[in-house]
Number of protein chains: 2
Amino acid sequence: MAEVKPRRATAPKATVKDIARTAGVSIATVSRVLNNPDLVAADKRRAVQRALSRHDYIPNRTARAMVSQRSRAIGLIVPTLANPLFVPSIAAIEQELDRAGYALMINCHERDPAREVAQARMFIERGMDGLLITGSDHLPELPALLARHRMPYVTQDIALDTPMGPSIALDSVGALNAAIDHLHALGHRRIAVFSGPIHDTPTVNDRFVSAIARIQHHGLPCPEAWRVVTEDYSNHATRAAARRLLNGGERPTAVALTGDILGLGLTTECRAHGFDVPHDLSIIGCGDTNMGEYVDPPLTTVRMPFVDMGRTAARHLLALISGERPPKLTVLPYELIIRQSAMAPAKLKRPRLKQA
Amino acid sequence: MAEVKPRRATAPKATVKDIARTAGVSIATVSRVLNNPDLVAADKRRAVQRALSRHDYIPNRTARAMVSQRSRAIGLIVPTLANPLFVPSIAAIEQELDRAGYALMINCHERDPAREVAQARMFIERGMDGLLITGSDHLPELPALLARHRMPYVTQDIALDTPMGPSIALDSVGALNAAIDHLHALGHRRIAVFSGPIHDTPTVNDRFVSAIARIQHHGLPCPEAWRVVTEDYSNHATRAAARRLLNGGERPTAVALTGDILGLGLTTECRAHGFDVPHDLSIIGCGDTNMGEYVDPPLTTVRMPFVDMGRTAARHLLALISGERPPKLTVLPYELIIRQSAMAPAKLKRPRLKQA
DNA sequence: GAAATGCCTGAAAACGTTTTCAGCAAACCG
DNA sequence: CGGTTTGCTGAAAACGTTTTCAGGCATTTC
């Protein structure tokens with residue numbers, strides 16, 4: 001029956017008010033000690049600091065954000081984490097933001113553009129200071145929403161078309177073209193394209209289509225049988241597709257991949273058919289990961305600088321937030337990594353014996 | 001000289017107050033329409049809704065968080081994104097949280113325990129409703145800090161020792177032991193351990209040490225030459241280590257890896273020495289990724305359920321936040337995946353010719 | 001010795017919500 | 001018809017900060 005103060009059991013959570021009371025000053029002074037210590041006289045400052053550590057005070061950034069109207073947090077929208085393609089980019093972003101004192105919120109939309117818009121809206125609700133948007137196909141609603149609410153954002157694309165805002169791009173199509181040019185320069189005249197599923201990922205489709213165009217641009221044939229698309233990225237599907245390529249009539253002397261991962265199944269299937277890579281078939285990747293280094297033979301590929309992309313995107317966004325005007329479009333260079341899976345094509349009647 | 005209202009150029013950002021004004025009601029009513037529409041009369045409700053869409057109103061969750069004292073966001077602390085080991089777990093967490101209407105903040109500490117504590121503190125400042133902490137070695141300061149500020153948290157470990165709070169664990173040591181048991185059951189009596197660097201990752205060290213113990217537990221020898229540690233995870237270092245193993249005096253008939261990735265370099269080096277995997281040497285991994293599926297021969301390994309781990313951790317944390325008491329320790333089962341890199345050891349005098 | 005200057009401090013407003021409380025009108029009950 | 005309930009509404013407080021403003025006191029300046 002005695003009057004008990006409610007919620008004494010739960011966290012008392014020291015606030016500036018508590019600090020002010022035990023230090024015998026006003027909350028304004030506490031705030032000043034926190035943010036601008038030399039504005040306050042030495043004795044009071046010490047008293048406040050003692051109170052702060054006695055209470056083991058932790059400031060409330062939510063309240064801070066209310067008054068400053070800045071959260072010092074940014075939101076990252078990424079198509080998916082299911083394939084680890086974007087992970088190095090995310091790591092770089094996290095590192096860059098952490099260094100600048102910004103926190104990072106992440107959302108995946110699993111390639112559902114409507115969900116992407118919803119997540120952007122959520123980031124607006126949460127008062128993010130800026131957004132990093134990954135991927136290249138968005139609803140027109142998205143830039144409209146962001147503009148209406150004056151939300152700074154930078155996109156990171158793997159394609160060059162129509163960036164919405166300031167954009168960091170990898171020239172994914174150019175990269176695969178460069179791979180084909182490399183094969184051509186090595187002397188290959190029968191080049192096939194081996195691609196992962198082209199329906200769900202626009203980037204992959206772009207690579208596939210433009211690779212074919214590039215082959216023809218060199219005046220070479222690229223018959224249907226040399227345009228292979230796997231069912232999915234599993235080893236099983238990859239090997240099945242590889243079988244179709246290797247068993248079909250005339251064999252190519254080189255294969256360009258839309259993604260490095262495909263090289264594993266293709267190489268395995270080659271071996272199973274008794275073909276040696278690269279002697280009987282050259283393989284060149286297009287670099288999503290650094291996996292190519294580990295396989296046998298090490299994969300010649302075109303590396304895409306995902307880490308740079310993330311870092312640059314983060315920096316440009318921070319610049320944008322602080323009022324600067326970063327470049328509208330930044331294209332990062334790909335890099336041909338020559339390893340051992342591609343070589344000049346064997347002479348037609350080359351003896352198969354290694355010596356003599 | 002004319003008095004101009006300041007900051008008219010910048011975002012007017014509609015608030016409940018604006019909505020209330022144009023709808024001719026009080027802000028309380030607007031709030032009610034937003035959160036509890038049937039509390040307000042139909043005509044006013046319609047007026048408010050019209051005003052809401054006219055202003056294209058987006059609520060401010062920061063303000064909401066201030067009064068409700070809940071952010072509906074959780075923080076994830078992860079050692080590093082540099083290796084993609086934890087990514088599937090993160091993906092599962094993101095998905096689970098998104099479904100529950102929670103946002104996700106991520107921070108990496110790059111295995112610096114002091115930074116980990118700082119990041120936990122930052123999450124407290126930001127009013128996270130709960131924390132998900134990955135990895136197994138923490139400063140004692142960390143649980144103390146979390147307890148003092150009554151921050152709910154769940155840890156996901158890859159080791160079983162001394163969880164701080166409710167914990168989801170993968171029995172990483174048990175998994176590699178199971179791998180060794182499997183080799184033993186196949187008939188192998190000369191088993192080597194092949195490990196990545198054991199200094200920076202406690203988990204790897206634990207696996208390494210306990211694998212040796214397990215081999216000896218079976219009454220088998222495990223001489224120094226059969227305990228190989230690579231310099232790092234690069235292909236170069238892996239192959240160098242593999243050379244040491246293959247060139248050293250008596251060769252093992254089987255090798256257990258502390259991580260799947262090592263299988264690639266080891267297999268390549270075996271081939272270079274003219275040894276066939278698995279005929280001349282069985283290899284068994286310990287599953288960090290699903291990469292084993294892609295390599296040649298497909299890697300027999302022990303799979304660790306990272307996706308389950310993330311999902312379970314997220315669910316337990318949400319339960320904890322809503323006042324339930326999730327189990328103190330949840331150990332998720334590993335799974336032996338039998339592929340083709342391990343088989344019974346060849347008879348000593350087995351003819352090397354395939355037929356006859 | 002008065003005025004001006006500078007330093008330090010506290011009261012109060014503000015940020016955008018939700019929620020409590022009390023008030024008012026209409027409806028219901030006897 | 002009086003009293004009670006019910007349904008709806010708005011004023012105001014609260015959440016934890018930062019910041020503006022004005023005032024107090026000590027020191028300097030003439």
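Just so it is clear: chains get the letters A, B, ... in the order the sequence lines come, proteins before strands, and each one is counted from 1.
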Is the closest side-chain donor-acceptor distance between A:Thr62 and B:Thr62 under 3.5 Å?
->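 Looking only at side-chain atoms, B:Thr62 and A:Thr62 do not form any donor-acceptor pair under 3.5 Å.
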Value in whole Å for how far the P atom of C:dC8 lies from CG of A:Asp43 =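 After rounding, the reported distance stands at 10 Å.
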Calculate the interatomic distance between A:Asn36 atom CG and C:dC8 atom P; express it in whole Å.
->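 Taking CG of A:Asn36 and P of C:dC8, I get 12 Å after rounding.
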Across the strands shown, which category fits B:Ile27 at heavy-atom distances under 4.0 angstrom: base, sugar-phosphate, nothing?
->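 B:Ile27: base contact, heavy atoms under 4.0 Å.
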What does A:Arg61 touch in the nucleic acid at a heavy-atom separation under 4.0 angstrom: a base, only the sugar-phosphate, or nothing?
->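 No contact.
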Given DNA chain D, 5'-ward residue of the pair B:Lys44 and B:Ser68, judged by closest heavy atom =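 Comparing both residues, the 5'-ward one is B:Lys44.
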Give the C-alpha distance, both sets of side-chain angles, the deciding distance and a yes or no for salt bridge (charged side-chain N to carboxylate O under 4.0 Å, His left out) between A:Arg46 and A:Asp43.
-> CA-CA 5 Å; A:Arg46 270 194 305 272; A:Asp43 52 341; over 6 Å; no
Does B:Met66 or B:Ala28 map to a spot on DNA chain C nearer the 5' end, using the closest nucleotide for each?
->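 First, find each residue's nearest nucleotide; the 5'-ward one identifies B:Met66.
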Residue mapping more 5' on DNA chain C - nearest nucleotide basis, B:Thr62 or A:Val25 =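 Result: A:Val25.
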Nearest 0.5 Å please: distance from the CD atom of B:Gln156 over to the CG atom of B:Leu132.
->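 Output value for this atom pair is 5.5 Å.
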Which distance, rounded to the nearest 0.5 Å, do you find between the CD1 of B:Ile124 and the CG of A:Asn60?
->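 Nearest 0.5 Å value for the CD1-CG distance: 12.0 Å.
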Please answer whether the main-chain N or O of A:Lys17 pairs with a side-chain N or O of A:Thr15 as donor and acceptor at a distance below 3.5 Å.
->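 Yes, because the side chain of A:Thr15 sits within donor-acceptor range (under 3.5 Å) of the backbone of A:Lys17.
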Main-chain N/O of A:Arg32 paired with A:Asn36 side-chain donor or acceptor, under 3.5 Å |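 No; judged by distance alone, with no hydrogens or angles, the pair does not exist.
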Contact boundaries of DNA chain D with chain B (under 4.0 Å, heavy atoms), 5' to 3'?
->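 Endpoints of the contacted stretch of DNA chain D: D:dC8 to D:dG16.
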